Protein chains: 2
Amino acid sequence: MLRMNNKNNITIKEVAESAGVSRATVSRVLNDSPVVTPDTRARVQSAMDSLGYRPNYFSQALAKNRSQSIGLLVRSLGGHYFGKLMYSLEEKLTTLGQYCMVSSGHGTYESERKAVDFMLSRRVDAMILYSDCLSDEEIIEINNSGTPVVVLSRYIEQLKDQCIYFDDVKAGYDSTRHLLDNGHRNIATVTGPLHKQDAEDRFLGYKKALEDFDIGFDQDLVVESSFQLEGGKEATKQLLSTGKNFSAIYYGNDEMAVGGLEVLRGAGVRVPEDVSILGFEDIQLCVYLKPNLTTIRVPLAEMAHIAADLAMNLVNNVSSDIALEVQLQLIERESVTRPCNKPEQNKN
Amino acid sequence: MLRMNNKNNITIKEVAESAGVSRATVSRVLNDSPVVTPDTRARVQSAMDSLGYRPNYFSQALAKNRSQSIGLLVRSLGGHYFGKLMYSLEEKLTTLGQYCMVSSGHGTYESERKAVDFMLSRRVDAMILYSDCLSDEEIIEINNSGTPVVVLSRYIEQLKDQCIYFDDVKAGYDSTRHLLDNGHRNIATVTGPLHKQDAEDRFLGYKKALEDFDIGFDQDLVVESSFQLEGGKEATKQLLSTGKNFSAIYYGNDEMAVGGLEVLRGAGVRVPEDVSILGFEDIQLCVYLKPNLTTIRVPLAEMAHIAADLAMNLVNNVSSDIALEVQLQLIERESVTRPCNKPEQNKN
DNA sequence: ACCAGCTGTGAAACCGGTTTCAAATTAGCC
DNA sequence: GGCTAATTTGAAACCGGTTTCACAGCTGGT
């Protein structure tokens, strides 16, 4: 019924014979070598067309020692944040004639390591890493053993020309500042794991903004949690249970804020009337939530484009002067307003 | 500063020399051939370990004419629906020692064709297609020219043992029936493009359910649109503008329902008090929406697992008796209630 | 002791390209 | 017309594995 194993097995040999030239010449045509005569080129070209020739990727990769692939490590295959990153990167790399091999790290060390090893075994020409768990040393080691690495959203001093990052301290500062400018004075924050640089930096920005307004820093209004939805939920519950007064919460990312919103709503706290909330990342969900989530937008598409260009430069061993720091932008929506005059609800 | 081109270039030759055997024997050890002596195997193994040998993927693929990769065509890399599909498939294929190469079709013919051609050029061992635009003939042609194909969410008679599908007519019927059972009698529907089989089938189910309740079918309550958010918005506007009476809308998928919800809300129509709505797919967004969206769940993870097994069977040319039809499930949430007694708002 | 039958191993061909290097052709110039 | 230089092409080595096939070394039966 179905014919197996009859893949289009036209090889360079058949093309060569059909065009009456050597395999070397066919290869030259394939690779746009400038030395072949227009006449020969045409003959070979038409032989290829009429035979339906398709070069064997593996032979090419083996002979050239180039895979024409870039590896991308993301935290997860699902979700809008990484979806957008993958989409932008694939789009860009495709125009550069590269394939984008994506592997998911699932947020665990084991899995990240496996994903990276797998991509190395498939001999990607370069890797773009959005890594949570790999140590700086490991990343440097990968880079130095021959597969150039571009690091996303993380700054490693020894690889400073290969990191694409933004200013997390500024993000924390601007967010908090936005709340302050809206008249909030009791501002809580739910941070990500503080041993992670980005979480810590945003927290530092938060503290700095409070200082600038001469507001004492209250440890009870700071809850450290995981960057996931559940983390946001738990942290928010904890915040509510302290009985402390606050009119705004600055969340370490949008996902946490979504979880927090659910908990707040469940506890009868109105957002933003009773409590304003603010996230980070600008995931697509933000605009579907009621209220729309005010947040800081991470320019993922831009980062992806820079990363692709940088990766290609590293592969081709040409140096570049691409700007590696990207700018964040506060997106004002509905979840932040001036604090109401009404007595707060969460005083119990 | 950074050392280039010093990839781990240990080849089988070095290993062979170090272990004092031939390359053939090393290859045998690599491929778990049963013929090699335990003693020899150990010697080779330790040589590999101490040299840090990593076989060259391209050589292997070239020599074996097997890429150990399965290609997956999806509509988009972002979004929860395909994110989940990719995740489930990657998870399963990884356990089978296969890489899952994902390409996005962006919902256009051009792009789908390009994605498929690209995967063919990378010589995937099989392809799993979630295709909107490719014709049956094209898919059959791909399959018959040597790269076996598994078709997701679509039924092609000539490839009936390679299609994983569900009963769209039943989905349409059950959805409509659920609304009918809740007491709705004026039920509108927003369908996807009716030239697509799934959209048409669900519409057929809708009509059948109405017939079973002896309810006359009103063409004004049917709007055909695109499967996207915008499509849902436009169709809903059109529905409102007819001035017709309806207490429920059955949407062709969740995304359209989300768009519709926005429009309804904007028009002052309360959901579900004034109008109940119902979607299809069960994207993650459903539970974040207010009200939560009642919908039909497509068991993507299950489909992915079946697809992976089936693909492997096709590659290895073994026949299987896996069940290819999956069952859908209605998930009751908040967006459907019994119609209110109050006069409807959209009578203008 | 001899031969048949196994078993483990190695030599060499092969997968389908690229690349080096030398040869063949053409062109340029006096 | 003859010599050199530049251009185009082909033969063969190579990339790093797998696989076929032949052979050497054992085993065991008579």
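None of the values given here were measured: they were computed from a predicted structure.
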What's the [atom1]-[atom2] distance between [X] and [N], to the nearest Å?
X: A:Asp32; N: D:dT8; atom1: CG; atom2: P; result: 15 Å
X: B:Glu14; N: D:dC15; atom1: CD; atom2: P; result: 10 Å
X: B:Arg123; N: C:dC15; atom1: CZ; atom2: C1'; result: 11 Å
X: B:Arg66; N: C:dC14; atom1: CZ; atom2: P; result: 23 Å
X: B:Leu62; N: C:dA13; atom1: CG; atom2: C1'; result: 13 Å
X: A:Gln68; N: C:dG17; atom1: CD; atom2: C1'; result: 13 Å
X: A:Tyr57; N: C:dT18; atom1: OH; atom2: P; result: 13 Å
X: A:Asn65; N: C:dG16; atom1: CG; atom2: C1'; result: 16 Å

Report the nucleotide, chosen from [options], that has the shortest atom-to-atom distance to any side-chain atom of [X].
X: B:Gln60; options: D:dG17, D:dT9, D:dG16; answer: D:dG17
X: B:Ile12; options: D:dT8, C:dG17, D:dG17; answer: D:dG17
X: B:Thr37; options: C:dG8, C:dG17, D:dG16; answer: C:dG8

Residues that [X] engages under salt bridge (charged side-chain N to carboxylate O under 4.0 Å, His left out), provided they are two or more places apart:
X: A:Lys64; result: none
X: B:Lys196; result: none
X: B:Glu138; result: B:Arg113

Check your understanding: Are any side-chain N or O atoms of A:Gln197 and backbone N or O atoms of A:Arg154, one a donor and one an acceptor, separated by less than 3.5 Å?
Key ->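 No; zero donor-acceptor contacts below 3.5 Å.
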Point to revise | Set of residues satisfying side chain to side chain contact (heavy atoms under 4.5 Å, CB included) with respect to B:Ser46, sequence neighbours excluded | key: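 If we apply the side chain to side chain contact (heavy atoms under 4.5 Å, CB included) test to B:Ser46, skipping adjacent residues, there are no hits.
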Review point. Can you list the residues that meet the side chain to side chain contact (heavy atoms under 4.5 Å, CB included) rule with A:Gln45, with sequence neighbours excluded?
Key: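 Partners of A:Gln45 under the side chain to side chain contact (heavy atoms under 4.5 Å, CB included) test: A:Val29, A:Met48, A:Asp49.
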Review point. Less than 4.5 Å apart, any side-chain heavy atom of A:Arg23 and any of A:Val26?
Key: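 Not in contact.
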Review point. Can you find a pair of side-chain heavy atoms, one from A:Ser76 and one from B:Tyr87, that are under 4.5 Å apart?
Key: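 They are not in contact (no side-chain heavy atoms under 4.5 Å apart), so the answer is no.
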Revision key, fill the gap. Given protein heavy atoms under 4.0 Å, the one-letter contact record of nucleotides 19-25 of chain C, with B base, S sugar-phosphate only and - none, is simply BB-----
Review point. Using the C1' atoms of the five pairs at each end, what is the angle between the end axes of the helix from C:dA1-D:dT30 to C:dC30-D:dG1, to 10°?
Key: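 Between the axes fitted at each end of the helix from C:dA1-D:dT30 to C:dC30-D:dG1 lies an angle of 50°.
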Looking across every strand, which nucleic acid part, if any, lies under 4.0 Å from [X] by heavy atom: base, sugar-phosphate, or nothing?
X: B:Val26; answer: nothing
X: B:Val36; answer: sugar-phosphate
X: A:Val21; answer: sugar-phosphate

Can you tell me if the side-chain N/O atoms of [X] get under 4.0 Å from OP1 or OP2 in [N]?
X: A:Tyr53; N: C:dG17; value: yes
X: A:Ser22; N: D:dG10; value: yes
X: B:Thr40; N: C:dT9; value: yes

Practice item. Any ring-ring contact (aromatic ring centres under 6.0 Å, His included) involving residues 126-152 of chain B? Give me the pairs, sequence neighbours left out, ordered by first then second residue. Key: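 Those involving residues 126-152 of chain B are B:Phe82-B:Tyr130.
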Review point. Which residues satisfy the ring pair (Phe, Tyr, Trp, His ring centres under 6.0 Å) test with B:His305, sequence neighbours excluded?
Key: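 None.
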